[in-house]
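Can you keep this structure in mind? I'll have questions shortly.
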2 protein chains.
Amino acid sequence: MATIEDVAKLAGLSRTTVSRVINDQPYVTEEKRQRIVQAMKDLGYVPNSSARRLRSQKTETIAVLLPRVTNPFFGNLIEAMEQKASEWGYQVIVCQTHHSRKKEIDYLQLLKTKQVDGVIMASLVNDWKDVEPYLESGPIVFCNEYMEDASIPMIHMDHKTAAYEAAVHLLEQGCKHIAYASGGPESHLGAMRKQGFLEALEEYGRPFLDELNIDWAIDVSDGQKVFHLIRSDFPYIDGVFTGSDEVAAGLIYEASSSDWKVPEDLAVVGFDNQMVSLLMVPSVTTIQQPVIQMADKTVEVLIQQLLHPGAIAPKRYVYPHQLLLRNSTKRREAAIQ
Amino acid sequence: MATIEDVAKLAGLSRTTVSRVINDQPYVTEEKRQRIVQAMKDLGYVPNSSARRLRSQKTETIAVLLPRVTNPFFGNLIEAMEQKASEWGYQVIVCQTHHSRKKEIDYLQLLKTKQVDGVIMASLVNDWKDVEPYLESGPIVFCNEYMEDASIPMIHMDHKTAAYEAAVHLLEQGCKHIAYASGGPESHLGAMRKQGFLEALEEYGRPFLDELNIDWAIDVSDGQKVFHLIRSDFPYIDGVFTGSDEVAAGLIYEASSSDWKVPEDLAVVGFDNQMVSLLMVPSVTTIQQPVIQMADKTVEVLIQQLLHPGAIAPKRYVYPHQLLLRNSTKRREAAIQ
DNA sequence: TTGTACGCGTTATCAT
DNA sequence: ATGATAACGCGTACAA
C-alpha cells in the first residue's frame, strides 16, 4: 500500500507538499501540484484513514443505537439517518441494543474509545446517570426516546398527547372497556404514552383495571396472542390501544379468522403508520410520526455539535403527530379515509 | 483524555508494561498488574482506537452494502449480520447504495482507505471489472447477489430454480397468461429469475409477450399501479409473478377494492416471505429465503478470511428456498397453508 | 520480568 | 512556496 512518503519520493518533493495537495491547501505551484497528482495516480495512492483519525482526533463516524433494525419504525429511522449522514461525509455504525442495558452501554463505549465522534440514541433502557458520563467523550443526541432530566438535544414527538388522542378517539367511538397492549421494557416514552392513555380514560370516567394492562406485546404474533387472551378471558373488552401497528395487525388478523368483527366488536388503534396498517382489512387507525424529518433533524443537530462544539444550547425539538382515522375504529359514521 | 503514558506515570512503570496488561500478555508481576489496573481505573483510561488501528492495520469493522434498509429482506439481512458481527467484536457500517453505481463504488473506497477490513456486497449494480480492483485492499464477499465470473465467496439462493418453481405453480393452477412484474435495475440475480420464469413458460408451451413484462415494480404503490394497468389494458392476464411481497401486496390490495377476485381472476405469487404476505387477505404464495442463515454464513466467511487470509479457497454456498403455497394462488384444491 | 526505542501514516508548526 | 521535524497514541523487537 502506497503511503504519502512514496508519493513524495516519486514526485521528488516532500511529504508536506504532498499533504498540501491532498488537503487542497494553498501555496503549491501548479506545476508541482500536477506532478504530485500524477504520482498519486501512478501509485494508486489513497490516504490512510487510521492515520488521519489519529492525527486529527476525528473519525467522521457516528453510532446509531436502536433496539432492532427490522422494526419498521427504526428501519425508516436509520435509513434516513444514513442517507443524511453520508451527505455530510459521515459513516454510520448500526448498534442494535435489543433492549439490553449491557449492550447499550457497550455501544456507548465506542464514544470513549474514539471509534465514533458522536452518538444518536434511539434506544434508551439505561438510567440517565449511567449514560451521562459518556457525554464527556463526545456529543449524544436523543431521537424518539427522551427524558426530562437530560440536558442534551432531544428530537421526538409528544407521545403523551398522541396516546391521549388515540384513547379519546376510542372512547368517542363508544368503547367502554379499553385494553392497553404495549410492550418491551419500560422507557420514559412508554410511560408517557401510558399517562396520556390513562388521562383520557379518567376524563371520560372510565376505570382502568390491571387485567386491561398487557405489557408484553411487541410484534405480530404477540398481537395474535392478545386477541385470544381477550376473547377467552375478557370478552367484554371492546377496544384496544396498541403500541405498534404490528401488534394491531396481529390482533386484527386473528379476529378476522374468528367470529369477532373489527371494529364492531373490537376497535383497534395502532402506532407508527407502517405500510401494513394501510394494507390490513380493515385498515388500521394509527398515529403517524414524521420519521424522516426527525431523522434528518437528529443527524443535523449532532453534526452541528461536532462542527461547532458548545456553540448551541441543547434544545428540544418536538415534532407533531397525526392520528390517522381508518376503518379499524370506525364504529360511528364520522371516520374518514 | 488519559493516554497509556499517563497510566504508566501514575503507576510508576513504563508504557510497555501497561500495554502488556491491556493486552493480557504474560510477564507481568501480579503486584504491578494490580497497580496498573488501579491507575487505569483512577484515570478512566480507555485505549484509543485510532492509534490501535494505525498500529495494527486493522479496524475490526466491516461494511455492508445494500440497496436500502427499509426493504424488509435487507432489513432482516443487516439485522442478523450486525448481531453476528458484534459477537465477533466487529462493527458494522451501513452503506445504502440505492442502486446507484457511483454510491456503490464510493462505499467500496472504505476498503481502500482502510476504514473497514472487509466488505459484504448485498448490492451489486457495477460490473465485476469495476469491483475487482478493490479486492487487493481486502476481502469482499457477495451475499444474495452473485455472478459467475467472480472468484470470491458467494452466499445465495438458486433464484433461477425458485422462479421456475413459482411459475410452474401458477401454470399448474391453470393460469394461461402470466405477467412478470419485477423491477429495479438489472442485476445478475434478476436475470436468473427471469430465465427460470421463461423456462417454465416454454416448458408448458405458453408464449411470453413484451406486454407481459413489467420492469418497474418495486414497492406497494407499484403493485397497485400494476393491477390497474392489467385491469385496464390486459384484462386477459390471469396470473402474476412478482419480484417481492410488497408488489404482490399492492396488487392484491387494489384487486380487493375492485370486482376482481384473487386468486380466481388473478393469481399472484410474491417473493421473500415477508410478514405482510401472511397478513394479507388472501395470504400470499411466496418464496422463502433462509435470510438469517445466509447472513450468518456471510459474516462467518468474511471474518474467517480476515483471520486467516488466503487459508480457504473462495467457495460458493447455495442455500435452499421454499415455495410457500398460500391462498393467493389457490385456484385448485391442492394448495396448502 | 521490565524498559528503551522505533515506527505505523498523517498533519501542524516553524523555519527557510 | 517548500521542507524538516515533531507530535497523535499505541505495540513490539530488542536489550537489559
Check: Can you find a heavy atom in the side chain of B:S50 that is under 4.5 Å from one in the side chain of A:K58?
Finding: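 B:S50 does not reach A:K58 side chain to side chain.
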Notebook entry, point to check: With under 30° as parallel and over 60° as perpendicular, where do the rings of A:H156 and A:Y146 fit, or are they tilted in between?
Noted result: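 Ring orientation of A:H156 relative to A:Y146: parallel.
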Item checked: Ion pair check, B:R316 and B:E148, cut-off under 4.0 Å ->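 Yes, this pair counts.
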Item checked: Rounded distance in Å - NZ (B:K9) to P (D:dC10) ->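 It is 13 Å, rounded to the nearest whole Å.
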Item checked: Where protein sits on nucleotides 9-16 of chain C, one letter per nucleotide: B base, S sugar-phosphate only, - none, heavy atoms under 4.0 Å -> BBBB----
Notebook entry, point to check: Would you call B:E132-B:K129 a salt bridge at under 4.0 Å N-O?
Noted result: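 Looking at B:K129 together with B:E132, the answer is no, because their closest N to O distance does not fall below 4.0 Å.
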Next item on the list: Give a yes/no answer on whether the side chain of A:T17 brings an N or O atom under 4.0 Å of OP1 or OP2 in D:dA1.
Entry: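 So the side chain of A:T17 is outside the cut-off, no N or O lying under 4.0 Å from OP1 or OP2 of D:dA1.
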Check: Could you give the CD-to-P distance, from A:E30 to D:dT2, as a whole number of Å?
Finding: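 To the nearest whole Å, that distance equals 11 Å.
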Notebook entry, point to check: How many Å lie between CD on A:Q115 and P on D:dC10, as a whole number?
Noted result: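 Nearest whole value for this atom pair: 13 Å.
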Next item on the list: Give a yes/no on whether any side-chain N or O of B:K32 is located under 4.0 angstrom from OP1 or OP2 of C:dT2.
Entry: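 Answer is yes, contact under 4.0 Å.
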Item checked: Interatomic spacing from CG in A:N71 to CD in A:Q96 - rounded to 0.5 Å ->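 The CG atom of A:N71 sits 10.5 Å away from the CD atom of A:Q96.
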Next item on the list: Starting at atom CD1 of B:I36, determine the distance to atom C1' of C:dG3, rounded to an integer number of angstrom.
Entry: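 Atom-to-atom, B:I36 to C:dG3, this comes out as 12 Å.
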Item checked: Protein-nucleotide distance (B:Y27, atom OH; D:dC14, atom P), rounded to Å ->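 It is 16 Å, rounded to the nearest whole Å.
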Notebook entry, point to check: Between A:E104 and A:R101, is there a side-chain N and carboxylate O pair less than 4.0 Å apart?
Noted result: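 So A:E104 does not pair with A:R101 through a salt bridge.
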